[in-house]
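So the structure is just underneath, and the comments pick up after that.
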Amino acid sequence: MEVDQEVQPKRAHSVPVPRLYKVAANILKNFEDGKDSLKNLVFNCKKHPNKKGLFSLVMETENHKKQLDQATQKIELFVTEPRFNKHLAYVLINELFWGKQTLPGESLPVQTVLKYKKRLKKSIDMEGGIDGRALCDTWPRYARINTLCINKHRLNTQLKEEGWVEVTYDKSEVDNKQFLHLISNLYENQYLSDLHIPNLLVFPPKSQLYNHGLVKDGFLMLQDKSSCFPVAALAPPAGSSVLDSCAAPGMKTSQLAAAVCGDKFAVLGGDPPAGAKVVAVERSIKRYGLLKEILEKSQATLVTEVVNQDFLKIDPSMHLDVEYIVVDPSCSGTGMARRGGGDEEPSEERLETLASVQTSLLLHALSFPSAKRVVYSTCAVSVVENEQVVAKVLENAAGWEVVSIMPTWERRGLGEFSDGQKFVRALASEDMCNGFFVAVLERKGCIKAKKRKKVSEDNEELSEEILGENSDSVINDQPVEKAKKRKKSKDNKHELADATHDVPDSNEVEVEIKKKKKKK
C-alpha cells in the first residue's frame with residue numbers, strides 16, 4: 001500500500017550559501033594566511049567566473065576590515081556564534097551594509113547575519129575606514145586606444161555610430177582644474193580625449209565598458225590614467241628597443257608595444273618599424289601566463305618577447321640593443337584607492353625593505369650598456385619608495401640625471417628634493433585616478449663605449465651589494481610580516497618575490513582575458 005510522503009522543506013543549514021560569497025571568503029582567508037596578494041588570488045581563482053564582481057567584493061570587504069572587527073567584537077558575534085566562519089561573516093556583513101544592502105537566500109550564514117542586523121547597525125562606524133569603491137565610483141572610466149589594432153579616427157567613427165558623442169575642447173586653453181571640471185560633467189553618452197595622455201579616452205563614471213565589443217576585441221584597453229604615466233613619460237620613439245623589467249599583468253607592456261610600432265601602424269599595416277622590440281620580463285610563473293594572454297589579446301606579441309625570469313638575473317650584456325627601460329616594481333600600493341589591507345598603513349620596516357629592492361632594480365636597469373632613458377614608477381605615495389629611492393640611486397650611479405617630464409601635468413614631486421619639480425605625482429583624492437609617482441632618468445651626454453662599460457659594471461656591482469644587504473627579506477605583493485633572518489650568501493642575493501605592484505587598479509582587473517587572432 002502506497003503512503004503519501006510529505007515533502008519536508010529544506011533546513012536552513014542544508015541551503016547553500018551563494019557561491020560568490022563563499023569563494024570571496026576563501027580568498028580573504030588565504031590572503032590573511034599570507035598565501036598571495038588579493039589580486040593574484042582573485043586572478044588565479046577558477047571557482048567563480050565573475051572576476052570583476054569577485055574582486056570588488058573582496059577589496060571592499062578588506063577595506064572595511066577594521067570596522068568589521070570592531071562591530072563584531074562589540075556585539076560578541078563570534079562568542080555567541082562560535083561556529084560562524086569569520087571571513088564569510090565579514091563578506092556577508094559588508095554586502096549588507098556597504099554593498100547591495102540585501103542578502104539573498106535562506107542559508108544559515110545569511111539568516112545568522114540578518115538576525116544580528118539591528119545590533120550590527122548600531123555598532124558599525126559607517127563613516128570610518130577607506131571606502132575605495134565609493135571613491136572609484138566618482139571617477140570617469142579610462143580606456144586607451146590600442147593603436148596596434150585600430151586608429152583613433154576609425155575608433156571615433158565606430159563610437160559615433162553607437163550613439164556616443166565626443167566632447168571637443170582646445171587643449172592649449174584648458175588647465176588641469178578646468179579639465180577635471182569637464183570630465184566631471186560628462187553626460188551618459190559623452191566622452192572626450194584626455195588632456196595629458198595621448199590616445200586615452202575618458203568616459204563618464206560607471207560606464208559599462210567591460211563587455212563592450214571594442215574592449216573584448218582588444219581595440220580599447222581599460223587602463224587607469226595614472227597607470228599610463230610611465231610609458232607616456234618614457235616616450236620611446238617608433239622603432240626603438242625597450243625592456244619592461246616587471247611586466248605583469250601587461251597593460252604597460254602592450255602600451256610600450258604600441259609606442260614602438262607608432263600611432264600609424266594600424267593604418268599603414270605591414271610589418272612593424274625596423275628595430276621595434278619589447279622585452280617583457282616577469283619572474284612569477286602565474287603572472288607570466290596572465291601577461292602572455294593580455295599581450296596576445298592586444299596583438300603586442302608582434303614585437304614582444306616574454307621572459308619568465310627575475311630581472312636582477314638578466315645579463316645586461318645580452319641585451320645590447322635595449323635603449324629604454326621601464327622599472328615599475330612591487331610597492332606598498334598606498335596610492336591605490338582600492339588596495340587591500342584596510343586602512344592600515346605599511347610599517348616603516350616594510351617600506352624600507354621595499355625601497356631596498358626598488359633601489360636594486362633601478363640600479364640594475366642603469367647598468368644596461370645601451371640604455372639612455374629609464375622610467376621609475378610606483379603606485380605608492382610614500383617618500384621612502386619614491387623620491388628617496390631616486391636620490392639614493394643618483395648618489396651611486398655615475399652619468400645619470402633626472403629630466404623633466406609631462407609638462408602639462410601640474411602635480412609635481414616634493415619640493416624638499418632638488419629634482420622635486422622634475423618628478424610627477426598623482427593623488428587619488430584629487431586627480432580622479434590612482435595615486436602614482438614617476439621619474440625619468442637619462443644618461444648624460446654621449447658616453448664613450450669604454451667609459452659606459454665601466455659605469456655599467458659599477459652600477460651592477462652596487463645593485464648586487466645593496467640587495468645582498470637585504471637578502472634576509474622576501475618581498476611579496478601583499479603585506480609582509482617581520483622577515484626571518486638568514487645567513488648572507490651569494491645564493492640568496494637575488495631572492496625576490498613578485499616584482500610587480502599592479503593591484504590594483506580597478507580598470508586593469510576589469511579586462512576580460514579573451515585570446516584574439518592576430519590581425520592579418
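Not measured: the values here are computed from a predicted model.
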Student check: side-chain heavy atoms of Q101 and L96 closer than 4.5 Å: no

H196 side-chain N/O to M406 backbone N/O, donor-acceptor pair under 3.5 Å: no

Test item: side-chain donor near acceptor, Y116 and E81, under 3.5 Å: yes

Backbone N/O of N30 and side chain of H87: donor-acceptor pair under 3.5 Å: no

Check: S330 main-chain N/O paired with Q358 side-chain donor or acceptor under 3.5 Å: yes

Interatomic distance, M221 atom CE to K297 atom NZ [nearest 0.5 angstrom]: 6.0 Å

Heavy-atom check, side chain of F423 versus side chain of V438, under 4.5 Å: no

Minimum heavy-atom distance between F437 and A380, given as atom pair plus value: CB-O, 4.2 Å

Distance in Å, T61 OG1 paired with Q67 CD, rounded so as to fall on 0.5 Å steps: 11.5 Å

Polar side-chain atom of T353 near backbone of E349 as donor-acceptor pair, under 3.5 Å: yes

CA sep, side-chain torsions, deciding dist, call: V402, V440, side-chain contact (heavy atoms from CB on, under 4.5 Å): CA-CA 6 Å; V402 177; V440 170; over 6 Å; no

Closest contact, heavy atoms only, F31 versus L41: N-CD1, 3.6 Å

Polar side-chain atom of S207 near backbone of L209 as donor-acceptor pair, under 3.5 Å: no

Over all atoms of both residues, closest heavy-atom pair of R350 and C331: NH2-O, 4.2 Å

More than 12 heavy atoms from other groups under 6.0 Å of CD on E348: no

Side chains of D328 and S377, donor plus acceptor under 3.5 Å: yes

Residue pairs fulfilling salt bridge (Lys or Arg N to Asp or Glu O under 4.0 Å) with at least one residue in residues 18-30, sequence neighbours excluded: K29-D33

Modelled atom types, side-chain donor and acceptor of N146 and S298, under 3.5 Å: no

Closest contact, heavy atoms only, V202 versus F179: CG2-CZ, 4.3 Å

Exam field: side chain D224 to backbone N434, donor-acceptor pair closer than 3.5 Å: yes

Sub-4.5 Å side-chain heavy-atom contact between L92 and P109: yes

Nearest-0.5 Å distance, CG of residue L68 to CD of residue E62: 9.5 Å

Atom pair OH/CD of Y90 and E60 - distance to nearest 0.5 Å: 15.5 Å

Modelled atom types, side-chain donor and acceptor of R144 and Q223, under 3.5 Å: yes

Donor-acceptor contact below 3.5 Å, side chain Q255 vs main chain V231: no

Reported CZ-to-CD1 distance for the pair R287 and I285, which is rounded to 0.5 angstrom: 12.5 Å

Donor-acceptor contact present, side-chain T334 to main-chain V381, <3.5 Å: yes

F368 side, atom CZ; R443 side, atom CZ - distance, nearest 0.5 Å: 11.5 Å

Within-4.5 Å side-chain heavy-atom neighbours: V326 and S245: no

Donor-acceptor pair between S123 and Q70 side chains, under 3.5 angstrom: no

Derivation and outcome, side-chain contact (heavy atoms from CB on, under 4.5 Å), residues I93 and I124: CA-CA 10 Å; I93 296 170; I124 289 180; 3.9 Å; yes

Carboxylate-amine/guanidinium proximity below 4.0 Å for K422 and D419: yes

Minimum-distance pair of heavy atoms, taken over all atoms of L222 and M251: O-CE, 3.7 Å

Side chain to side chain contact (heavy atoms under 4.5 Å, CB included) partner of Y376, chosen from T359, V390, L361: V390

Residue of the set R425, R411, K225 for which side-chain hydrogen bond (donor to acceptor under 3.5 Å, both in side chains) holds with D431: R411

Side chain E95, main chain T102, donor-acceptor under 3.5 Å: no

Salt bridge present between K372 and E323 (N-O < 4.0 angstrom): yes

